[in-house]
K.L.:
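Structure in structure tokens, see below.
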Amino acid sequence: MMGQILYGPRGLRTRLTREEALGLPLLRAQTAGRRPGAVRRAARALRKQGVRRALVPPGFPDWELLEGQGIRPVETGDFCRALAPAIALAALKGMGIPPEQGVVVLRGERVTRALRLTALALCPRVKGVLVDAPSGGEALRRELRREYGVPALGGPAAGAPPGVRGPRPGGRSGPPGPAGPPLFPGDGAGGAAGRPVRSGPGPGGLPFWPGRGSAA
């Protein structure tokens, strides 16, 4: 199970609660304040429950304390790939865009298994999927049009940054908004391990871009 560390009010004991965010089971530890001892106790409590990797608040400064108890950052790329469909749908919801009016942009140097599964999961639920992948992109677009009959575009239409799109006034589609997560940046591998692709809490209060510090 994955863990999560949150700072709590000073003076209380470490609180452990089992949560679920976008289908992801979490064991959440709330510290008894921000003192080093309180953070260490929370990390130790997670470790005793078998947790080895944890999500943290943006700009979290106490990684050394966690690592001293055997807790390490979540591998950002694997994390984002596993939750990509849920992240995209939650981003649309956060922007006030019904899924049937939203367009999701998926980009990678090639169509990986994760990218294909994300496209297959989203197609029945959104207005369209823009696939920008030089290797395998056209084959995936044909598959999506054949199986779901939804627009699965490529080329210049998919040249926008990865993210989500919604209708502008008059029915036109706007660019990916600020809530649009970079689902498959670069070569489709996600962000570098242990570093955030983007800082700030994600949909459902979950930090979707875990790692050390904040993105520049």
Side-chain angles (χ1 to χ4, degrees), residues 2 21-25 74-168 171-198 200 202-204 206-211 215:
M2 193 178 299
L22 299 183
L24 177 72
V74 174
E75 298 292 344
T76 311
D78 291 342
F79 179 76
C80 288
R81 284 195 293 269
L83 288 181
I87 291 173
L89 293 172
L92 287 170
K93 181 178 180 180
M95 296 166 67
I97 302 169
E100 63 272 14
Q101 296 181 21
V103 177
V104 178
V105 182
L106 303 179
R107 171 178 287 178
E109 291 299 321
R110 59 188 178 87
V111 173
T112 62
R113 180 176 182 273
L115 193 151
R116 177 178 177 273
L117 291 178
T118 297
L120 292 174
L122 289 172
C123 265
R125 307 188 64 178
V126 300
K127 179 179 180 180
V129 174
L130 305 185
V131 178
D132 185 7
S135 177
E138 181 55 38
L140 177 58
R141 291 189 289 270
R142 286 197 302 268
E143 178 183 1
L144 298 178
R145 287 192 290 266
R146 182 178 65 250
E147 294 295 329
Y148 298 101
V150 300
L153 307 176
V164 296
R165 295 182 174 194
R168 287 178 176 173
R172 294 179 296 130
S173 290
L183 302 183
F184 294 94
D187 61 359
R195 296 187 58 192
V197 177
R198 184 175 182 175
L206 186 68
F208 283 112
W209 297 273

K.L.:
Using every non-hydrogen atom in the two residues, find where Thr118 and Ala84 come nearest and quote the distance to one decimal.
P.N.:
OG1-CB, 3.6 Å
K.L.:
Looking only at atom types and distance, does a side-chain atom of Arg116 sit under 3.5 Å from a main-chain N or O of Leu140, one as donor and one as acceptor?
P.N.:
no
K.L.:
Checking side chain to side chain contact (heavy atoms under 4.5 Å, CB included) for the pair Leu106/Val129: CA distance, chi angles, key distance, verdict?
P.N.:
CA-CA 7 Å; Leu106 303 179; Val129 174; 4.0 Å; yes
K.L.:
How far apart are the closest heavy atoms of Glu100 and Lys127, and which atoms are they?
P.N.:
O-CB, 3.1 Å
K.L.:
Do Leu89 and Val104 have side chains that approach each other closer than 4.5 Å (heavy atoms only, starting at C-beta)?
P.N.:
no
K.L.:
For Leu117 and Thr112: C-alpha separation, side-chain torsions, deciding distance, then whether side chain to side chain contact (heavy atoms under 4.5 Å, CB included) applies.
P.N.:
CA-CA 9 Å; Leu117 291 178; Thr112 62; over 6 Å; no
K.L.:
Determine the minimum heavy-atom distance between Ala119 and Leu144, stating which atoms define it.
P.N.:
CB-CD1, 3.9 Å
K.L.:
Which pair of heavy atoms, one from Val111 and one from Ala133, lies closest together, and at what distance?
P.N.:
CG2-CB, 3.8 Å
K.L.:
Could you tell me if the side chain of Val103 sits less than 4.5 Å from the side chain of Leu130, heavy atoms only?
P.N.:
yes
K.L.:
Rounded to the nearest 0.5 Å, what separates atom CZ in Arg81 from atom CG in Leu115?
P.N.:
10.5 Å
K.L.:
Got a salt bridge between Glu143 and Arg146, using NZ or NE/NH1/NH2 to carboxylate O under 4.0 Å?
P.N.:
no
